[in-house]
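Report on the following structure.
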Amino acid sequence: MDELFYREYILEHYRSPHNYGHLENPDISVEDDNPLCGDRIRVDLKVEDGRIADVRFEGKGCAISQASASMLTDVVKGMTLHDTLRLGKDEIMENLGADTLAAARIKCATLGLKVLKAAALRALERAAETEGQRP
Amino acid sequence: MDELFYREYILEHYRSPHNYGHLENPDISVEDDNPLCGDRIRVDLKVEDGRIADVRFEGKGCAISQASASMLTDVVKGMTLHDTLRLGKDEIMENLGADTLAAARIKCATLGLKVLKAAALRALERAAETEGQRP
Amino acid sequence: MIAGTPHYATDDKAERVRADFPILATRTSKGKPLVYLDSAATSQKPRTVIDAISHYYEDYNANIHRGVYEIAERATDAYEGARKRAAAFFNAASTEEIIFTRNATESINLVCYTWGFEQLHSGDGILLTRLEHHSNIVPWQLLAAKTGAELRFLELDEQGRVILDDLEEKLQGTKLVAITQVSNTLGTIVPLERIVPAAHAAGATVLVDGAQAAPHMRVDVRTLDVDFYAVSGHKMLAPTGIGILYGKRALLETMPPFLAGGDMIRRVAYDHATYNELPWKFEAGTSNIAGAIGLGAALEYLEGLDMTWVREHEVALTAYALERLDQVPHLHLYGPKRADERGGVAAFTMGDAHPHDLASILDAEGVCIRAGHHCTMPLHELLGLTATARASFYVYSTFADVDALIEALEKAARIFKL
Amino acid sequence: MIAGTPHYATDDKAERVRADFPILATRTSKGKPLVYLDSAATSQKPRTVIDAISHYYEDYNANIHRGVYEIAERATDAYEGARKRAAAFFNAASTEEIIFTRNATESINLVCYTWGFEQLHSGDGILLTRLEHHSNIVPWQLLAAKTGAELRFLELDEQGRVILDDLEEKLQGTKLVAITQVSNTLGTIVPLERIVPAAHAAGATVLVDGAQAAPHMRVDVRTLDVDFYAVSGHKMLAPTGIGILYGKRALLETMPPFLAGGDMIRRVAYDHATYNELPWKFEAGTSNIAGAIGLGAALEYLEGLDMTWVREHEVALTAYALERLDQVPHLHLYGPKRADERGGVAAFTMGDAHPHDLASILDAEGVCIRAGHHCTMPLHELLGLTATARASFYVYSTFADVDALIEALEKAARIFKL
Ligand SMILES: Cc1ncc(COP(=O)(O)O)c(C=O)c1O
Ligand SMILES: Cc1ncc(COP(=O)(O)O)c(C=O)c1O
C-alpha cells in the first residue's frame, strides 16, 4: 500500500466526516461491524419516491472506513435506491483515490457501502410490502 | 535387517518350539502381549531353591518372538531367578545370531524375555513373602 | 507381464510421475532401490508439495486472517486459496463447507463431539460396517457409552463385500450411518450410491470416512449426497497434520463449536463469546498453515494427473497384482476378487510365515509393506487373524513394483521353506 | 542509541542469527527490506527447521509406530526423538508427559474436555487473569456454561500487572487456575512462582498457557511445578500445526482419552476398546509427523542459541524499544514500564491514528506489525480500547529493527499530522 494513499482529503473526512450524526425519525437505520478489526458504522436514511432524500452515518474505526463512509454519503444523497445497489468496490476505491489496498483493508473501505446497501435493500423491501398492501 | 537373519535354526525353533506347552501346577504363570503386533506369550515356571527347575511356554506370533522364546527356555532351565533377571537384549540377539534388528522387531525378539523376567520377579516376591511369614 | 496390454498405458505415465517424487530415487541402507508399497498408511510427496512448504517458510511465513502487512496477506490468500481448491476438488457447494482439521480421525471426532453429542440419544442406532478403521469405530463407542446410543453393523460376504440385504431393517431407528468408502484392509469399495439414499429415506445422517477413497478416485460430495466426509491429507500427497472435514452447510450451521479459542470467535467478553462464521467457527487457534498450503499444492498436482487416470491406473495395477499374487504358492489374499470392486490395497497371509517376518524379509529387499492389523483389529478378528501383510499402491506405483513384491515374496517363501 | 551499551552485546549475536532465517533476506514488493515485528503472532523459521521438514519428505517419509521397514523406523525414531528433546527442553520427568497437539489452543482444549469435564462441577471456581488470550477464556466459558462452574479473574494494576492481594480469597473454592505466563498484549510476566504454590495449597490444579513464554525464556515445568503447560510450536521457530501439552503423569493417567481412533488404542473390538499408554493415549490418528520433527529441530536450534541469551536479548531489545517509543509524540504504550517485567511485545496507540492505519503505513515501509485486538478482546475492552498496534520481537530482532519501527512511526505521525 502506498503511503500516499493517506491523502489529505482522506484525513479531513476522517476527522470531520460529512453527514455525520443521526436523522430524526429515519425511515431506515442499519448498523454493522467488521469483526476482524472492530470498525462499526450505522447509516440512517430518509427515502422519498425511491430516492435517498437524506442520509447520516455514525461510526468508529480506522481512517479508511470512516473517510470512505463519509465520502459515500456525499455520493448517494439524491440517488435512487436501485442505483446505490449498483455501487461497488471500484467506486469506493475511486473515491479514496487508491488503486490497490490489502484485502483486510478493503473490508474497511467497503464497510460503509455494505451498511448502506443493506439499508437500501431494506427500504426497497419495505416499499414492496407497502405496495402489496394497497387495496 | 539381513535376510540371513532367518537362519534355519530359527525356523526350526519357530515350527518345533522347545519346552512348549504348559506345566501341571506351575509355581508361576505369566502372560503378556505386544499390542503393536499382537504377539502373545505365556510362561510357566517351576521353582526350586531359587532356581528354575522347569519351564514351559506357549504363544503365538512371528518367528522371531516364538523362536526367541523357545531358545530362551533352553537357556534358563536350571538358572537362578536372580541370574535370569540379568539377561538382556544382548543375550537375546546372540541367541538369534543377529547384530541388529529394527526397533519394532526387537520388541518381538524380547517379548519372551519380558514375560520370563516378570515371572522370575513374581517368584522372588513370593519367596520374600514366604520368608516374611516364617515364625 | 504381457507387453502391450492396457496395463502399460497407465504405467507409462506412472513411470513419469515417479520423477516428481524425490524419495523414490533414494536407496535403502543396503543399497536397494526403494519399492514403496505402503501408500495406504501414508503417501509419498511430490517435489511441488515439498517446495510449497519451503516456499511459504522462506518467502511469506506469517499468521493469517488478521495481518495487515504484505506477507500476512499472501499467507491468508494461500491458506484460503487451498480451501477454495479443496472445495472445487470435492465439488462442495462453497468454501464454508470445507473445514481444515489435522486428519480424518479429527474430522470424525469433530462430528462426534458436536453433531453426535447433540443429536444422538439413548436407543438411537449408529450403523457402521464390519470394515471400519478404529478411527471410525472408537469415537462412536465412546459416544454410545455416554449417550446410550447403540452400534449396529452391516455384515460382509465371503469376499469382504458389504451385504445390503438387511439394510432397510438395520436403518430402522438408525440416526447416523458412519461408513468407510474404501476399506484400508480388504480394499472393498462400499456402494455409497445404494446406502446413502436409503439412509436419508430412513431419516439418518451419513458420515463417510473417505481416508482411503479421496486419494484414489473422483469424489463429488454433492453427487454422493453425503452429509459429512472425512479426509486425511497425508494419504493424498499432502503434508502430515492436515485433513478436511466436509459438511453440509445446513448441518454445520446448527452445530456448536468444537475446540474454542482464537479465530473461531466473533466477539469475546470475559463472560461470554459469540462464534465466527463457517468454516472458521471450527478452526480454533493457529491452523496448520503450511499444511493447508501443501494440501492445496497436492490437490493441484492430482488435478494435473487427472483423477480418472488415477483410478484407471489403480485398477490396472491392482488387477495385475491380484493376478500375480494369486500365483504365489501358499499365499492367501483377502477381499473382493475383482480389481474394479476394490481400492489399491492387497492384504494377504502366506503359509505360516508371520506377516511381521514377511515385512522384515521384504524390507531387506527394499520392499516396504505393512504388517499387522492396520487399525482394523475387529475386522481381523472376524477373519480369524491377528495380522496380515498389506501392499498398497498409489499414483507412482508401477507394474515393476508389483514384480519386485512378488520376487521378494518368493524369496521369503524360500527362506520359510514353504 | 549509545554505542558500547550492554544492548549491543546481545545484538551482535542477533545479527548473526538473522543469517539463519531465509525470509529475513527478502524484500517486500516495494523493494523494502523486511522488518518483521510480529513474532508474537508467529515466528519466522530458521533454515535448519525448513530443511528438517524437506529432509523428512525427501528421504524417510513414512507413517510411524507400526512400520517394520527402514524408513518407517527412521520416521518413528525422529518423531519420538523430537518428543525426547521436548521433554528435556522443558525438563519434564519423562516423555510420557509430552503430548503432541496442533497448537496451544488444542492443548488447552484437551485439558478442558478431559480433565475439566470430569473434575469440575457446579459452583467450582476457575481462576483466570484479565490478561488471557481467547484460547484460555472461551474453552472455560463453554465448560462453565455446561457444568455450572464459574469464572473468576485476578485483576490488573495500572501497568497491567496481576494484583495478587486477593489471591488467597479468590482461590477459595477454586478448582482450576488457568493463567498465561506472559501476556501477548501487555507483555506482563505473571508471577507463577507466587501463584502456583498458593493454588496448590488451596487444592487447585494449575494450567499455564505458555504460548508466549516458552519461546522466550527457560521454562522448567518441574521447578514451576505446574500441572499442565500449553505450548505452540509455530511461535518458537517450529512449523505450523504442532504444539505440546505437558501434563503431570499422575494427572494424565487418570484422564479419559480425548480424540479417539488409530494409535491411541491398545485393543479394539467392535463393541469396546482399551487405550494405549501415555503419551499416545492422547494422540489419535496420524500425527503431524513432519511438524514434530521440525519442532525437534527448532528446540535444538534454541538450545544452541541458549535460552539465557534469548531472554537477555529480549530484555535488552525491549528496554531499548520502550525507551524509544516513549519519545514518540502522542504515542501511548501499554503494559509494565520495566523491560524485565515483560516479554518482548509492545502494544501502543498513537494519537487518533487508528492502529490499522498505522499498520498499513508501516507496511509500506516494510515494517510488519499487528493491529487489532490480538485475541484479547476483553482485555482491550477493559482498557477502553477496540484495538492497539503491537510490535513484538524474537531472537532475530535487532536494535536496527526498532529504529526502523520508530522511523516508520514518525512518518505515520507526519501523514496524520499529529
Ligand atoms: C498467550 C497466548 N495464548 C494462546 C495463544 C494461542 O496460540 P495458537 O493460536 O497457536 O493456538 C496465543 C497465540 O496467539 C497466545 O499469544
Ligand atoms: C479407512 C481409514 N479411515 C481412517 C484413517 C485414519 O486416518 P488418519 O490416521 O490420517 O486420521 C485411515 C488411515 O489409516 C484409514 O485407512
Side-chain angles (χ1 to χ4, degrees), chain C residues 22-23 26 28-29 41-42 44-45 50 53-54 57-59 61-63 66-70 102-103 105-106 109 134-135 137-139 141-142 153 232 234 239-241 259-262 265 267-270 272-273 284-286 288-291 356 359-360 363 368 370-372 375 377-378, chain D residues 22-23 26 28-29 41-42 44-45 50 53-54 57-59 61-63 66-70 102-103 105-106 109 134-135 137-139 141-142 153 232 234 239-241 259-262 265 267-270 272-273 284-286 288-291 356 359-360 363 368 370-372 375 377-378:
Chain C
I23 201 172
T26 64
T28 69
S29 65
T42 199
Q44 295 303 337
K45 320 301 173 199
I50 303 171
I53 302 167
S54 309
Y57 288 128
E58 288 168 10
D59 226 57
N61 170 66
N63 213 325
R66 294 179 186 281
V68 165
Y69 51 88
E70 196 170 290
R102 179 169 36 238
N103 50 30
T105 300
E106 193 190 19
N109 277 270
H134 294 165
S135 292
I137 300 179
V138 187
Q141 288 178 348
L142 292 179
F153 294 89
S232 277
H234 70 94
T240 52
L259 304 187
I265 55 87
R267 313 197 148 278
V268 181
Y270 283 117
H272 71 280
T286 303
N288 185 351
I289 304 170
H356 276 91
S360 282
D363 176 43
C368 308
R370 186 132 301 223
C375 295
M377 256 193 213
Chain D
I23 201 172
T26 64
T28 69
S29 65
T42 199
Q44 296 303 338
K45 320 300 174 199
I50 302 171
I53 302 166
S54 309
Y57 287 129
E58 289 168 9
D59 226 57
N61 171 66
N63 213 325
R66 293 179 187 283
V68 164
Y69 51 87
E70 195 170 289
R102 177 167 40 238
N103 49 30
T105 300
E106 193 190 21
N109 277 270
H134 295 165
S135 293
I137 299 178
V138 188
Q141 288 178 348
L142 292 178
F153 295 89
S232 276
H234 70 92
T240 52
L259 304 187
I265 54 89
R267 314 198 146 275
V268 182
Y270 283 118
H272 71 280
T286 302
N288 186 351
I289 304 170
H356 277 89
S360 282
D363 176 43
C368 308
R370 187 133 298 224
C375 294
M377 256 194 215

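For clarity, every value in this text was computed on a predicted model and none was experimentally measured. All chains are named by letter (A, B, ...) in the order of the sequence lines, taking the proteins before the strands, and each is independently numbered beginning at 1.
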All heavy atoms of D:Tyr57 vs all of C:Ile23, minimum pair found to be O-CB, 3.9 Å

D:Gln44, part contacting chain C, at a heavy-atom distance under 4.5 Å: both

Contact origin within D:Asn103 toward chain C - heavy atom pairs under 4.5 Å: side chain

I'd like to verify something: which residue of C:Ala273, C:Gly372, C:Ser29 has the highest number of heavy-atom pairs under 4.5 Å with chain D? C:Ser29

In terms of heavy-atom contacts, D:Gly291 and C:Thr240 come closest through N-OG1, 4.3 Å

Chain C contact via D:Ala269 - side chain, backbone, both or neither, heavy atoms under 4.5 Å: backbone

Turns out that what part of C:Thr28 lies under 4.5 Å from chain D's heavy atoms comes down to both

Which pair of heavy atoms, one from D:Gly262 and one from C:Ser135, lies closest together, and at what distance? N-OG, 3.0 Å

Can you see which heavy atom on D:Thr105 is nearest to which on C:Gly261, and at what distance? CG2-CA, 4.1 Å

If every non-hydrogen atom of C:Ser360 is compared with every non-hydrogen atom of D:Val68, which pair is closest and at what distance? OG-CG1, 3.3 Å

Working to the nearest 0.5 angstrom, can you tell me the gap between D:Tyr69 OH and C:Arg370 CZ? 4.5 Å

Count the heavy-atom pairs under 4.5 Å between each of D:Ile137, D:Thr42, D:Asn109 and chain C, then report the option with the highest count. D:Asn109

Output all residues satisfying side-chain contact (heavy atoms from CB on, under 4.5 Å) with D:Thr286, sequence neighbours left out; order by chain, then residue number. C:His234, D:Asn63, D:Ile289

Which atom of C:His272 lies closest to which atom of D:Gln141, heavy atoms considered: N-NE2, 3.1 Å

Chain C contact via D:Leu259 - side chain, backbone, both or neither, heavy atoms under 4.5 Å: both

Please rank C:Ala260, C:Pro22, C:Gly285 by heavy-atom pairs under 4.5 Å with chain D and give me the top one. C:Ala260

Heavy-atom pairs under 4.5 Å with chain C, option from D:Cys375, D:Pro139, D:Ala371 with the top count: D:Pro139

